[in-house]
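Encoded as structure tokens, the structure appears first; notes follow it.
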Amino acid sequence: SRVDRRQLQSCIRDRGRTAPSRTARLLVVQRVCAGFVVIGAVAATYCASDLPGSSPTLGTSLLGHAAWFAAGAWVCTRTMSEGPSSTSRSADERLGLAAVLLVLAASPLGGGLLFDRGAPVHAGLRELLYAAVGALIVSAACRRRDVDGSAALRVLSSGALVWIGERSYAVFLWHLPIAFGLMTLLKLDLFEGSFLVVAGLTLGCSLIVADISWRLLERPVLATVNRRSESRRQQADQKQSTGLRDDLSLIPISEPTRPY
């Protein structure tokens with residue numbers, strides 16, 4: 001028996017249109033991440049100004065630094081949808097460029113030094129430079145094919161740094177309350193000779209608390225989300241396969257002609 005090719009192609013094409021598109025969802029996430037990059041730069045610029053409602057506290061919050069995280073997330077979703085970048089720049093070149101941009105962000109181009117906010121335009125530019133640094137570091141890490149030939153990626157792939165990387169977001173969240181708690185409890189002043197003591201205690205306590213947070217909160221939540229995502233993906237594939245099989249059953253099958 002023979003199935004009409006045009007009807008089969010039309011059936012598969014229509015079924016593909018009705019199925020949820022992973023690429024389309026990733027594209028939406030990329031646009032959201034790009035929006036957060038803009039929001040982070042605007043928030044940093046606004047908080048460094050003297051406009052009504054501006055606050056330095058908002059500038060140091062998660063919203064004020066949203067561009068850093070959003071740029072890295074944008075690179076991840078782009079890699080998931082399109083694969084690693086095919087440009088000729090190696091992982092080491094990207095990490096080197098990230099180091100150059102980090103130096104520029106710490107220069108007068110990024111505003112004042114230490115706790116001087118600088119002009120609003122400098123604050124916004126500094127935020128964009130940090131976002132570019134984050135994007136370059138993540139894009140270098142996404143180039144798995146360069147791991148064997150990249151000394152930097154081999155170091156970043158070591159067990160100790162992977163352990164720290166898994167807990168780095170928890171360290172970011174916990175280090176400030178821990179630092180202020182230690183200074184209050186031990187009656188230490190950060191700017192009167194106690195910086196190294198406060199920094200050392202904060203780092204050690206933050207790593208301990210971050211490890212507990214990772215084991216009891218982050219890892220279970222990520223595992224649950226991944227299981228649900230995999231289950232939904234399998235259900236969608238099964239539904240699409242069933243629907244395609246049902247559609248194929250409706251296509252008329254013509255008997256081959258027999259020569260006489």
Side-chain angles (χ1 to χ4, degrees), residues 29-51 54-80 84-85 87 89-143 150 152-153 155-156 161-162 164-179 190 195 199 202-203 206-207 210 218:
V29 175
Q30 288 180 39
R31 291 173 177 172
V32 171
C33 290
F36 270 107
V37 171
V38 176
I39 290 173
V42 171
T45 304
Y46 174 71
C47 293
S49 69
D50 295 325
L51 295 174
S54 61
S55 169
T57 304
L58 179 61
T60 57
S61 67
L62 181 59
L63 178 62
H65 297 317
W68 306 3
F69 299 96
W74 182 90
V75 173
C76 288
T77 54
R78 182 186 179 279
T79 303
M80 292 172 64
S85 174
T87 59
R89 293 191 183 277
S90 66
D92 287 341
E93 289 175 328
R94 297 178 189 213
L95 292 174
L97 181 56
V100 171
L101 295 182
L102 190 60
V103 171
L104 288 177
S107 71
L109 183 64
L113 300 178
L114 296 178
F115 296 99
D116 183 5
R117 293 183 299 170
V121 64
H122 289 153
L125 179 59
R126 182 171 62 246
E127 206 65 23
L128 289 176
L129 286 172
Y130 285 144
V133 169
L136 286 168
I137 292 175
V138 174
S139 68
C142 288
R143 293 181 66 85
S150 170
L153 284 186
V155 172
L156 292 175
L161 289 183
V162 169
I164 294 175
E166 290 176 337
R167 294 150 180 84
S168 60
Y169 184 62
V171 170
F172 171 78
L173 293 178
W174 286 112
H175 80 281
L176 274 181
I178 288 175
L190 186 63
F195 173 78
T202 299
L203 178 59
S206 297
L207 287 174
E218 290 184 63

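As the structure is a prediction and not an experimental result, all values here were calculated from the model. In what follows, every heavy atom counts, from backbone to side chain, and hydrogens, waters and symmetry copies are set aside.
In this view, W174 satisfies the side-chain hydrogen bond (donor to acceptor under 3.5 Å, both in side chains) rule with no residue, not counting sequence neighbours. Listed by chain and number, the residues in a ring-ring contact (aromatic ring centres under 6.0 Å, His included) with F36 amount to none (sequence neighbours excluded).
For the atom pair CG of L95 and OG of S139, the computed distance is 8.0 Å after rounding to the nearest 0.5 Å. The CG atom of L125 sits 10.5 Å away from atom CD of E127, with the distance rounded to the nearest 0.5 Å. The NE2 atom of H122 sits 11.0 Å away from the CG atom of L129 when rounded to the nearest 0.5 Å.
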Take V171 and L207 through the test side-chain contact (heavy atoms from CB on, under 4.5 Å) and record every step on the way to the result.
CA-CA 6 Å; V171 170; L207 287 174; 4.0 Å; yes
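Aromatic ring orientation, F172 versus H175: tilted (interplanar angle from 30° to 60°).
A98 approaches I137 most closely through the heavy-atom pair CB-CG1, 4.1 Å. Residues C33 and A70 approach most closely at O-CB, 3.2 Å, considering heavy atoms. Residues A123 and A44 come closest through the heavy atom pair CB-O, 3.6 Å. Here the closest non-hydrogen pair linking C76 and V138 is SG-CG1, 3.6 Å. The shortest heavy-atom contact between Q30 and W74 is O-CD1, 3.3 Å.
Here the side chains of L104 and L101 are in contact, with some heavy-atom distance below 4.5 Å. In this structure, the side chains of V37 and L128 come closer than 4.5 Å at one or more pairs of heavy atoms.
Within the 3.5 Å criterion, the main-chain N or O of G165 finds a donor-acceptor partner in the side chain of S168.
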